[in-house]
A.B. asks: 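First, the structure itself, so that you have it in front of you.
Side-chain atoms are counted along with the backbone in the values below, which use heavy atoms only and exclude waters and symmetry mates. Numbering starts at 1 and runs along the sequence shown.
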Amino acid sequence: MGVRGAGGVWWGTVSCTLFLAVNGLYSASDDVIELTPTNFNKEVIQSESLWLVEFYAPWCGHCQRLTPEWKKAATALKGVVKVGAVDADKHQSLGGQYGVRGFPTIKIFGANKNKAEDYQGGRTSEAIVDAALSALRSLVKDRLSGRSGGYSSGRQSRESGGGDKKDVVELTDDSFDKNVINSDDVWMVEFYAPWCGHCKNLEPEWAAAATEVKEQTKGKVKLAAVDATVNQMLASRYGIRGFPTIKIFQKGEDPVDYDGGRTRSDIIARALDLFSDNAPPPELLEIISEDVLKTTCDAHQLCIISVLPHILDTGASGRNSYLDVMLKMAEKYKKKMWGWLWTEAGAQSDLESSLGIGGFGYPAMAAVNARKMKFALLKGSFSEQGINEFLRELSVGRGSTAPVGGGAFPKIHAVEPWDGKDGEAASVNTSSNLQRVGFNVRQPFHKKTPTWRMIIQFSPSCQCMTRKHGKHVERGQSRVTEIACAPFILTFLNLSKTQLFSS
């Protein structure tokens, strides 16, 4: 209860009234909508409605005199135009966003919510209503003529101009942890404000980089955006003080600030560095089917194809040494995100022919651009140094190229994958039978030895030649593609020429 003072005044009631007057000019019972940093974006910026917003200070005499007129206007415009009020003394950051320097300041948020107009009219309810209806008439005419969709928000502004934003992930207070913190991927997150000029300048660069990074990293590095004026919990959590602020999030690590350039190329370069730092070593796949070749080469800018000597020429240890060299180079150049493949000499002879392999012996290497169907050949040694020089030249756009023979990859034969072993000896009968017809067998055959290699290696009476790109090569070399042998051998083996080479 209050205390009755002189003149019968209840001082407790007056004191309570004065307290409310100082701390707020509007209440929930008014038609004026109280706006705060928490609800401003959702209520105003993301709204289709026309808004009149007063920025006031409770202690301001002009604001106090405007209050009853503002309430009358709100009641008259109810259901037609939204009327709101911001205690800019309490919420100084919100006032600062809209350049409020004095009280009261009235702004009209029309079709483009990011470009509010200052209200310069009279301070009576009639003048305020007239200005609101005039602004509403202009908004409706714009919609009728198609000049405006009538819905403009911070998010839509980012999505409607400067390129395709489909690959920029929009994050909120609710979705952030699930998408970012609990993810194994790397995230680059931009915290922005819709009214921020620097954010608008960054927007097209960020969007273009997002698409490129998604493609080059297969979605392992993601670019995202957070409207910090709406998602203030996130902004506070990560200490956002200015816009735009970009932070990098990696699982198990504290976020770090991105302090690089703001161009598309700068952003992409940093994203690729992050990807390579976190990427597993590239896979080195044996070409055992057409699907392996097509999938790998179609998915990468370049695919590096090596043709290794036959297992009989190197054994398992020799082959593994070549594969180790390839793996080291794949690791060294993993930022390029190339595909890495290998096959055994003779296993995919059509592919070898289409890539011009054979003129330099085995092992051989070709770098293939499957989109352009062009390739470049390693002409140096098949060593870390030789391959590094070859790939380094390719990475800077140097080196001679040639079209893939036939303009497309040839048919790829399905083969069994290498089992990692040297191979097993064939039956004694095969060896002895070949000896009986003049083969000079000095070592056991292996089950994986092609028949034509047996003939070339062990038959002194078989005059074998090979033709490769118009050049004849002496018998006994592993890149044989044609053979003309004495008829008695073919008769003995009961094989046609086609069967001979497919065996």
A.B. asks: Looking at Ser175 and Leu171, would you say the former's side chain and the latter's main chain have a donor-acceptor pair under 3.5 Å?
C.D. replies: no
A.B. asks: With a 4.0 Å cut-off on N to O distance, would you call Asp350 and Lys411 a salt bridge?
C.D. replies: no
A.B. asks: Quick check on side-chain contact (heavy atoms from CB on, under 4.5 Å): which of Val180, Ile181, Asp184 does Lys251 satisfy it with?
C.D. replies: Asp184
A.B. asks: Does this structure show an ion pair linking Arg237 with Asp177, if we count only N-O contacts that are shorter than 4.0 Å?
C.D. replies: yes
A.B. asks: Please confirm whether the ring centroid of Phe40 lies under 6.0 Å from the ring centroid of Phe109.
C.D. replies: yes
A.B. asks: Does a side-chain heavy-atom distance below 4.5 Å link Val86 with Val100?
C.D. replies: no
A.B. asks: In sequence, state the C-alpha distance, the side-chain angles, and the governing distance for Gln301 and Asn369, and then conclude on side chain to side chain donor-acceptor pair (under 3.5 Å).
C.D. replies: CA-CA 6 Å; Gln301 182 185 17; Asn369 184 325; over 6 Å; no
A.B. asks: One thing to verify: whether Lys247 and Glu190 come together as a salt bridge, which I'm taking to mean a side-chain N less than 4.0 angstrom from a carboxylate O.
C.D. replies: no
A.B. asks: Does either side chain, that of Thr172 or that of Asn231, offer a donor lying less than 3.5 Å from an acceptor on the other one?
C.D. replies: no
A.B. asks: Kindly check if the number of other-residue, nucleotide or ligand heavy atoms within 6.0 Å of CD (Glu393) is above 12?
C.D. replies: yes
A.B. asks: What is the distance from atom CD1 of Ile267 to atom CG of Leu272, rounded to the nearest 0.5 Å?
C.D. replies: 12.0 Å
A.B. asks: Does atom CG of Asp254 have more than 12 heavy-atom neighbours, drawn from other residues, nucleotides or ligands, at distances under 6.0 Å?
C.D. replies: no
A.B. asks: Go through the side-chain N and O atoms of Thr229 and Asp227 and say whether any donor and acceptor fall under 3.5 Å apart.
C.D. replies: yes
A.B. asks: Under the ring-ring contact (aromatic ring centres under 6.0 Å, His included) test, which residues partner Phe243, sequence neighbours left out?
C.D. replies: Trp195
A.B. asks: Any salt bridge between Glu384 and Lys328, counting N to O under 4.0 Å?
C.D. replies: yes
A.B. asks: Look at atom CG of Asp118 and say whether more than 12 heavy atoms of other residues, nucleotides or ligands are closer to it than 6.0 Å.
C.D. replies: yes
A.B. asks: Could you walk me through whether Tyr26 and Tyr56 pass the ring pair (Phe, Tyr, Trp, His ring centres under 6.0 Å) test, one step at a time?
C.D. replies: CA-CA 11 Å; Tyr26 303 98; Tyr56 71 92; 5.6 Å; yes
A.B. asks: Can you measure from OH (Tyr333) to CD1 (Ile304) and round to the nearest 0.5 angstrom?
C.D. replies: 10.0 Å
A.B. asks: Name all residues meeting the ring-ring contact (aromatic ring centres under 6.0 Å, His included) criterion together with Phe275; count only those two or more places apart in sequence or in a different chain, and write none if there are none.
C.D. replies: none
A.B. asks: May I ask you to check whether over 12 heavy atoms, not counting those of Lys218, lie within 6.0 Å of atom NZ?
C.D. replies: yes
A.B. asks: Do Phe249 and Tyr238 have their ring centres less than 6.0 Å from each other?
C.D. replies: yes
A.B. asks: If the test is side-chain contact (heavy atoms from CB on, under 4.5 Å), which one of Val189, Thr245, Asp266, Leu274 qualifies with Tyr258?
C.D. replies: Asp266
A.B. asks: Between Lys334 and Glu331, does at least one N-O distance fall below 4.0 Å, as a salt bridge requires?
C.D. replies: yes
A.B. asks: Could you check if a side-chain atom of Leu351 sits within less than 4.5 angstrom of a side-chain atom of Ile287, using non-hydrogen atoms only?
C.D. replies: yes
A.B. asks: Look at atom CD of Gln385 and say whether more than 12 heavy atoms of other residues, nucleotides or ligands are closer to it than 6.0 Å.
C.D. replies: no
A.B. asks: Side chains of Glu212 and Gln216: any donor to acceptor distance under 3.5 Å?
C.D. replies: yes
